[in-house]
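Numbers restart at 1 for each chain; the letters A, B, ... are given by sequence-line order, proteins then strands. Excluded from the calculations below are hydrogen atoms, water molecules and symmetry mates; all remaining heavy atoms, backbone and side chain alike, are included.
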Number of protein chains: 4
Amino acid sequence: MIIVLKPGLTKKDETDVLREIKKLGYRPHVMRGVERTVIGAIGDERTHQSLETLASWPQVEQVMPVQKRYKLVSREAHKMTSTITVDGKVIGGRKIQVMAGPCSVEDEKQLLATAHAVRKAGATFLRGGAYKPRTSPYEFQGLGLKGLKLLAKARRQTGLSVITELLSEAHADQVAEYADIIQIGARNCQNFQLLIAAAKTGRPVLLKRGLSMKIEEWLLAGEYVLSNDNPNLMFCERGIRTFETYTRNTLDLSAVPIIKQESHCPIIIDPSQGVGRADLVTAM
Amino acid sequence: MIIVLKPGLTKKDETDVLREIKKLGYRPHVMRGVERTVIGAIGDERTHQSLETLASWPQVEQVMPVQKRYKLVSREAHKMTSTITVDGKVIGGRKIQVMAGPCSVEDEKQLLATAHAVRKAGATFLRGGAYKPRTSPYEFQGLGLKGLKLLAKARRQTGLSVITELLSEAHADQVAEYADIIQIGARNCQNFQLLIAAAKTGRPVLLKRGLSMKIEEWLLAGEYVLSNDNPNLMFCERGIRTFETYTRNTLDLSAVPIIKQESHCPIIIDPSQGVGRADLVTAM
Amino acid sequence: MIIVLKPGLTKKDETDVLREIKKLGYRPHVMRGVERTVIGAIGDERTHQSLETLASWPQVEQVMPVQKRYKLVSREAHKMTSTITVDGKVIGGRKIQVMAGPCSVEDEKQLLATAHAVRKAGATFLRGGAYKPRTSPYEFQGLGLKGLKLLAKARRQTGLSVITELLSEAHADQVAEYADIIQIGARNCQNFQLLIAAAKTGRPVLLKRGLSMKIEEWLLAGEYVLSNDNPNLMFCERGIRTFETYTRNTLDLSAVPIIKQESHCPIIIDPSQGVGRADLVTAM
Amino acid sequence: MIIVLKPGLTKKDETDVLREIKKLGYRPHVMRGVERTVIGAIGDERTHQSLETLASWPQVEQVMPVQKRYKLVSREAHKMTSTITVDGKVIGGRKIQVMAGPCSVEDEKQLLATAHAVRKAGATFLRGGAYKPRTSPYEFQGLGLKGLKLLAKARRQTGLSVITELLSEAHADQVAEYADIIQIGARNCQNFQLLIAAAKTGRPVLLKRGLSMKIEEWLLAGEYVLSNDNPNLMFCERGIRTFETYTRNTLDLSAVPIIKQESHCPIIIDPSQGVGRADLVTAM
């Protein structure tokens, strides 16, 4: 951690900061520049108490982290690229897996027709929501257990593996029973209790990026899965919220090389949510 | 709902759209403009199936909602300003209620000292986290039940009412037992199952705005509380995420007149989260 | 234009709005819905006075444009895809043109070495700044005319065509003398006097997207070039400003299919500005 | 400047970085942490060549500036709060100056009526556009010189001082002849040639914040005015662009305490542009 002091401090002001840094278990290293004094605090920021509280001290101009806060998802800790195998299909390998299906499972006819169609078009996973998080309480909230059973039926008929969303800790076991991959949606990406519950089912977890989630926050949310003994995590970029209104979201394709650089976990792209317009999905 | 058609459609293209509008239960009303044909679909968008699916039709340029999607939180439905009374303190009335306290409950000494200090400074509610949602799994996650008990002790000593965050459906009863107001944090603002669980405890609910939550989405999230038979909802603006990095968040003070105009529910401002810098809190 | 009225208006309130719509030259068309009355105002929004002023009337809830405000850049007006030919190189055709070079022209040695290197790597255009817009007045502002002459020298030696930025109306003739394509930078994307000055030189114009420019604003800025008798406009996506701090900008690749759909003008991608990190450019 | 090295470098990799830092005129100071090596580069970042180029070196993880890049606008350099006196009216003092008027000057009758009305309501400055930057070339671009003359007439009749926008270097002398304060609009906030031209007229300059301008960029744009020998600069917050669509912009009121803390120059608030809705202006 780097601590930048305000200019014009007294000797005592500075000593107080140094004492606090030592108290929190770090070794301070002072550098005097032209206008600012800078302190490097040496120690592992993940095993000691955070130095961020120093940011509110009147002596301190800013506190800048140097170390990365994520560990298990990081490529530094795990040089090899991880893959996840579901029913013999390898996610994160050379072959691209296509996950497709309806937004929500509406009825048997719709689901089976869609499942057969996407399989024919090359999809290997069937994606459909049985539990749906809806902006408005007046919208259709999904078929629940009945929807999960229809997904299982579609799997039997088509051989597609099933990915579906979990949105309540209370449904974790039920969803895990029917799903081959558990999806955590954008709105629940920092619902950490849900992430832990999903991790504990043992099923692979697909973690969507939140609408205004920084890459670092996303990696740290993923850390909740890996640190709860579930190594099978994949990230999913699905568009971020920006000022642009032509599209529903702005698909941030730079997330692909970034996640590959920072993490060993696979990354999935959701172009249909990502732009929110059917006419742009193919191009994206 | 207003449906704008693309230019240059055939008669049949147009008829297909009109038929679909009728099928979904609306009465179409066609207006022919200079370059575009526009259809007004007349009917209650909350009781009929949504027309938004039309947006993906090749004939349709855009679908624009006219009606507001929120109902119970709306001032149209409830002209009088609502107030919420907790231990005789009126929230949403002429007197401003001050809610203050530590970010998280750390130990008895810290909490009691803070509680006495904020009470002396004029606060009427003690705010402190017993369960903490943390970006990183390696940060302190709160004292849990022990923290709730300390909050209750501080209430007995100071007369301050207690507001604390609920972050798991599984804790709803426990938190409701100790809290006078249940806080739903920014990260869980669209965790609808949690909103329902909070509503069902019967305690007043303070709903923080999400980091990138539009006003309409916020009002609709509030609708989940009121439509689950809990009339005691208050909104809390706590800063939104923007491109600016000088502050942690951008406190959107326009939320105050907007919520007062659109809703009858009280609005609270959290200036410390809102800017994320101690030196700016007083000014904000 | 669609005008949504507030609920509960008197007959007179409504009549006043209708009278104003007629006064501004439009034909009003009233639709009564379940909760709202909606007026369609029929007439060309580009040749009549704008109805947007109605948005500030107390009777009016919102004013929603239906018609697209851009005309000459629009694909509706010009179905064929436009190409721009510079020294026999076709921009916007099947072959991709690569524009490369240093951020700023620093000296002869640097520029010539770079020019030869990028040509060898496949570039067909040399891009380099002689006039540089700098966030700080203390940074290097470019070599000016001397830089333009060096670019011309590099062109003679390599056969690469030259694209360079114009940032002042006062330099328009000078820059046009040396440049094959005039670049308008992100910071000047709505400096309309500069756009007009660039258009009037007769050189092809490359218009970068502003940091927080909506697609519609970008197309309208391009309209300033075409409506000043210069048909040779190309758009350039160079990343937008979002909350993400891992990259300098978020490259919005959805701009490619969108511009192709909305406009007949070519679109260029600037991946290096777009992410602002050398290690991600190749992937993007 | 702080340079964070990537983990796992060879001795030679590190030496190369140290050599470059020295070559650019800084004194390097090495700190070895638990996982990362950090180098403090000591020297004035404004008088030496920038170290930011190091960010693209493969050895370097990040480059973090410590020093503030603005100087003349900074409160560090000028502890006393600056005021600007126009016709005996003090801007930046205890008394608040109200600047009001029409968006654009349309005709004599409209302008004089508005001028008298705003004066009666307490305004001390008349604000109106003679040259208007318009998103679309088909919108009214202002009366130009004729508008400036009308503003002068309104000043004679009412005693209000005049503030009006400059949007082309070519108009600098003309606008300065009629205006008491020159306004630089949001779209031209980083049109540095225009800032220099405005500064050189000697008139006080009001610099609006750009739609997606960070505080630091705004201060640096102001630095262009002060470093061109014009001490009479005032900043104007007018709302930033965010994801929210309920308002036209998000008025960032935290800009007031921030500018007061960072700079000695006055700060003005434009609540009507800031929210873009007449019904919210009074509250803001």
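- For chain C, no part of Glu216(D) is nearby; none of its heavy atoms comes within less than 4.5 Å.
- Taking CG of Asn191(C) as the reference point, atom CG of Leu194(D) lies at 7.0 Å (rounded to 0.5 Å).
- Residue Lys132(D): no heavy atom, backbone or side chain, is found under 4.5 Å from chain C.
- Contact tally against chain D (heavy-atom pairs below 4.5 Å) for Ala197(C), Ser56(C), Ser136(C): the top residue is Ser136(C).
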Side chain to side chain donor-acceptor pair (under 3.5 Å) between Glu223(D) and Tyr138(C), worked out: CA-CA 9 Å; Glu223(D) 196 82 10; Tyr138(C) 307 118; 2.4 Å; yes

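- Partners of Glu169(C) according to the side-chain hydrogen bond (donor to acceptor under 3.5 Å, both in side chains) rule, which considers only residues two or more places apart in sequence or in another chain, are Ser168(D).
- Within the 4.5 angstrom heavy-atom criterion, atoms from both the backbone and the side chain of Gln190(C) approach chain D.
- Within the 4.5 angstrom heavy-atom criterion, no atom of Gln62(C) approaches chain D.
- Of the listed residues (Arg187(C), Glu217(C), Gln193(C)), the one with the most heavy-atom contacts under 4.5 Å to chain D is Arg187(C).
- There is no contact between Arg277(C) and chain D, counting heavy-atom distances below 4.5 Å.
- For Tyr224(D), the parts lying near chain C are the backbone and the side chain together; criterion is any non-hydrogen pair under 4.5 Å.
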Step-by-step side-chain contact (heavy atoms from CB on, under 4.5 Å) determination, Met213(D) to Leu211(C): CA-CA 9 Å; Met213(D) 202 177 207; Leu211(C) 267 75; over 6 Å; no

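- Applying a 4.5 Å heavy-atom cutoff, the residues of residues 229-249 of chain D that approach chain C are Arg241(D), Arg248(D).
- Proximity to chain C is limited to the side chain of Gln141(D), based on heavy atoms less than 4.5 angstrom apart.
- Heavy-atom distances place the side chain of Asn188(D), and not its backbone, under 4.5 Å from chain C.
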